[in-house]
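Worksheet for the structure shown next.
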Amino acid sequence: MPFASVLDNLALTKSGAVRQFEELIAPKSDSELEAMAQGSRALTLQNFGRTMRLFAPLYLSNECINNCKYCGFSRDNPILRVTLSIEEVEAEARYLWDAGFRQILLVAGEHPKFVSGGYLMECVRALAPQFSSISIEVGPMTTEEYIPVVQAGAEGLVVYQETYHRGVYAELHTAGPKRDFDYRLDSAERAYAAGFRRLGIGALLGLWRWQEEATALAAHLEYLLQHCWQAQITVSLPRLRPAAGGFRPLFSINDRELAQLICALRITFPQVGIVLSTRERPALRDALISLGVTMMSAGSHTEPGGYTRRGTENLHHTVRGRIVPPEFQDGEDELATGQFEISDDRSPDKIAVLLRARGLEPVWKDWEQALTG
């Protein structure tokens with residue numbers, strides 16, 4: 001049975017694990033939440049030790065053919081766009097290498113004219129000799145399209161469903177291939193069939209009621225653990241941030257609820273990795289790292305060329321599919337537009353110092369390629 005069928009019948013067919021998870025995300029007293037936090041810390045230490053994997057996103061392109069009301073890259077937003085050349089991608093990667101990273105996430109908007117499978121494969125192939133772990137976060141592809149990307153050296157796929165509520169999803173995605181809810185939902189399974197050994201999923205918190213999103217996300221995690229059991233599964237819990245287009249969420253999840261959600265996921269799924277991004281402000285990130293998080297980004301930029309300011313000579317607007325040269329006003333920063341604003345701009349070194357002060361060891365790379373063939 002595909003997960004789409006499980007999701008559509010979730011109200012009537014929740015597993016014991018999902019029902020336990022629902023109980024954990026129900027309102028709790030301070031003492032109950034503290035007990036959850038203690039349990040979450042113990043399980044994280046038991047399953048992951050005193051380590052924290054560090055990674056950085058590398059944005060390849062902010063071109064997109066989808067209209068998504070909440071996304072800064074949305075097709076109709078009048079933003080500065082660029083797709084980096086392979087040489088520019090390599091320059092961005094060298095910057096991240098020099099900062100200590102050996103695990104990177106290649107991110108791009110969905111636009112086959114600019115970000116084809118061949119382009120993505122070239123980027124991965126160029127970076128694979130230096131980076132022990134390369135993941136991609138791009139528009140969904142078929143299994144046959146994923147295979148050459150894996151063969152080029154990618155090992156991980158990240159795909160957020162954004163919202164698991166079909167009606168909200170349809171309202172927010174007004175044009176482009178991303179409107180296909182089920183095709184996106186099945187991306188992780190197609191990637192697994194293609195040979196990816198790391199699968200990351202998540203919901204963009206703020207698009208719908210967080211408890212309902214979290215329950216569907218938990219069911220999706222359980223499904224992937226059963227059907228893609230040879231892969232390592234991670235889950236991300238990004239909250240909406242300001243972005244081009246000015247979308248304002250109607251729903252919210254506060255800091256206490258986010259902490260409770262992290263604990264609930266750790267208690268229900270002790271061996272699943274939990275990712276924390278620079279969307280969150282420094283003080284909150286510092287508090288959450290001890291609750292169950294196992295992977296963090298650091299020093300992130302969400303615009304193509306953001307680390308080295310490469311690609312500026314090819315900046316443009318896209319109007320009805322046509323490339324239009326930009327006109328800059330005095331003092332305007334001539335750099336591609338980012339997907340969203342980050343909250344924690346501390347350097348990777350500062351994050352590493354913080355982790356060590358908290359008794360954690362920052363892990364910059366996973367395995368030597370020589371050990372994994």
Between Asn77 and Gly245, the two heavy atoms sitting closest are OD1-CA, 3.7 Å
Min side-chain heavy-atom separation Leu157-Val149 under 4.5 Å: no
Answer with yes or no whether the side chains of Glu303 and Thr337 bring together a donor and an acceptor at under 3.5 Å. no
Same cluster or not: Tyr119 versus Val124, using hydrophobic residues (I, L, V, M, F, W, Y) connected whenever any side-chain heavy atoms lie under 4.5 Å apart? yes
Closest non-hydrogen atom pair, Cys228 against Leu199: CB-CD1, 3.9 Å
Do NZ/NE/NH1/NH2 and the carboxylate oxygens of Asp345 and Lys350 come within less than 4.0 Å? no
Looking at Arg75 and Glu63, is any side-chain nitrogen of the basic one under 4.0 Å from a carboxylate oxygen of the acidic one? no
Could you tell me how the ring of Phe114 sits relative to the ring of His316: parallel (under 30°), tilted (30 to 60°) or perpendicular (over 60°)? parallel
For the backbone of Thr142 and the side chain of Tyr183, can you confirm whether one donor and one acceptor N or O come within less than 3.5 Å of each other? yes
Is a side-chain N or O of Tyr192 found less than 3.5 angstrom from the main chain of Gln230, in a donor-acceptor match? yes
For His220 and Tyr164, I'd like to know if the aromatic rings sit close, meaning centre-to-centre distance below 6.0 Å. yes
Atom of Trp208, atom of Glu213 and distance for their closest heavy-atom approach: CB-OE2, 3.2 Å
Same cluster (ILVMFWY, side-chain, under 4.5 Å), Tyr307 and Val89: yes
Can you list the steps and then say if Val138 with Glu110 is a side-chain contact (heavy atoms from CB on, under 4.5 Å)? CA-CA 6 Å; Val138 300; Glu110 185 174 3; over 6 Å; no
Cluster check Ile233, Val18: I/L/V/M/F/W/Y, side chain < 4.5 angstrom: no
Do NZ/NE/NH1/NH2 and the carboxylate oxygens of Arg209 and Glu212 come within less than 4.0 Å? yes
Gly292 versus Ser40, closest heavy-atom pair with distance: CA-OG, 3.9 Å
For Asp255, check salt bridge (charged side-chain N to carboxylate O under 4.0 Å, His left out) against everything at least two apart and list the hits. Arg239, Arg281
Between Gly311 and Leu84, what is the shortest heavy-atom contact and its length? CA-CD2, 4.2 Å
Would one find more than 12 heavy atoms of other residues, nucleotides or ligands at under 6.0 Å from atom CD of Glu23? no
Measuring centre to centre across the rings, with the benzene-like ring taken for any Trp, is His173 within less than 6.0 Å of Tyr169? yes
Do Trp364 and Phe101 have ring centres separated by under 6.0 Å? yes
Between Asp344 and Arg279, is there a salt bridge with N-O shorter than 4.0 Å? no
Are Tyr70 and Ile79 connected in a single hydrophobic cluster, I mean Ile/Leu/Val/Met/Phe/Trp/Tyr linked by side-chain heavy atoms less than 4.5 Å apart? no
Are Glu280 and Arg285 close enough for a salt bridge, meaning some N to O gap below 4.0 Å? no
Heavy-atom pair of closest approach, residues Pro348 and Ala298: CA-CB, 4.0 Å
Is the shortest side-chain N to carboxylate O distance from Glu87 to Arg310 below 4.0 Å? no
